[in-house]
Visitor: 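Before I ask anything, let me first share the structure, which is written out below as structure tokens.
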Amino acid sequence: TQRFYYAPTVTFNNTDKRLIARFRELVGERCTTVQERLGTGNFKTRYTVKVARMVMIDLLHAISSHLIAKQRQATL
């Protein structure tokens, strides 16, 4: 029998590398993925950070006071 587990993740995308650095300060070495997609034409380089499971809970606690539109969903 195979078992499947639900593992929530948060993916953070931004074009400002300073925000990605701050994000990494919040979660430390527990980032599961950091990607850089180079921009072409009018598009800027995009940075993506993904965190999962318990890291996500710590992250939501750290940013919840700054959320406006999604604060209710973050506290669920």
Side-chain angles (χ1 to χ4, degrees):
T1 321
Q2 289 184 339
R3 290 187 180 185
F4 297 95
Y5 297 95
Y6 174 72
T9 61
V10 171
T11 304
F12 177 72
N13 295 281
N14 206 289
T15 58
D16 188 342
K17 201 169 188 176
R18 295 172 301 177
L19 289 175
I20 298 298
R22 178 67 179 124
F23 184 90
R24 292 196 73 186
E25 287 175 14
L26 288 173
V27 299
E29 294 299 318
R30 301 178 299 168
C31 288
T32 58
T33 307
V34 179
Q35 292 179 326
E36 181 177 338
R37 175 176 258 168
L38 296 176
T40 57
N42 291 333
F43 296 98
K44 295 180 180 180
T45 299
R46 183 186 74 199
Y47 303 95
T48 303
V49 179
K50 185 185 288 187
V51 294
R53 300 182 182 166
M54 296 308 292
V55 178
M56 186 186 72
I57 294 170
D58 295 341
L59 174 68
L60 288 173
H61 284 295
I63 67 170
S64 64
S65 63
H66 303 287
L67 297 175
I68 297 170
K70 298 287 185 180
Q71 192 164 30
R72 186 176 142 281
Q73 288 88 340
T75 57
L76 291 177

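Every heavy atom of this structure was used, including side-chain atoms; hydrogens, water molecules and symmetry mates were not. Not measured: the values here are computed from a predicted model.
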Visitor: Quick check for you: to the nearest 0.5 Å, what is the distance between Asn14 atom CG and Arg22 atom CZ?
Guide: 14.0 Å
Visitor: How close do Tyr47 and Thr15 get, counting heavy atoms only, and between which atoms?
Guide: CE1-O, 3.8 Å
Visitor: As an exercise, state the distance from CZ of Arg37 to CZ of Phe43, rounded to the nearest 0.5 Å.
Guide: 11.0 Å
Visitor: What distance separates Leu19 CG from Lys17 NZ, expressed to the nearest 0.5 Å?
Guide: 13.0 Å
Visitor: Give me the one residue out of Ile20, Thr45, Thr48 that meets side-chain contact (heavy atoms from CB on, under 4.5 Å) with Glu36.
Guide: Thr45
Visitor: If I take atom CZ from residue Arg46 and atom CG from residue Asn13, how far apart are they, to the nearest 0.5 angstrom?
Guide: 5.0 Å
Visitor: Decide yes or no on side chain to side chain contact (heavy atoms under 4.5 Å, CB included) for Thr11 and Val49, but give the supporting numbers first.
Guide: CA-CA 6 Å; Thr11 304; Val49 179; over 6 Å; no
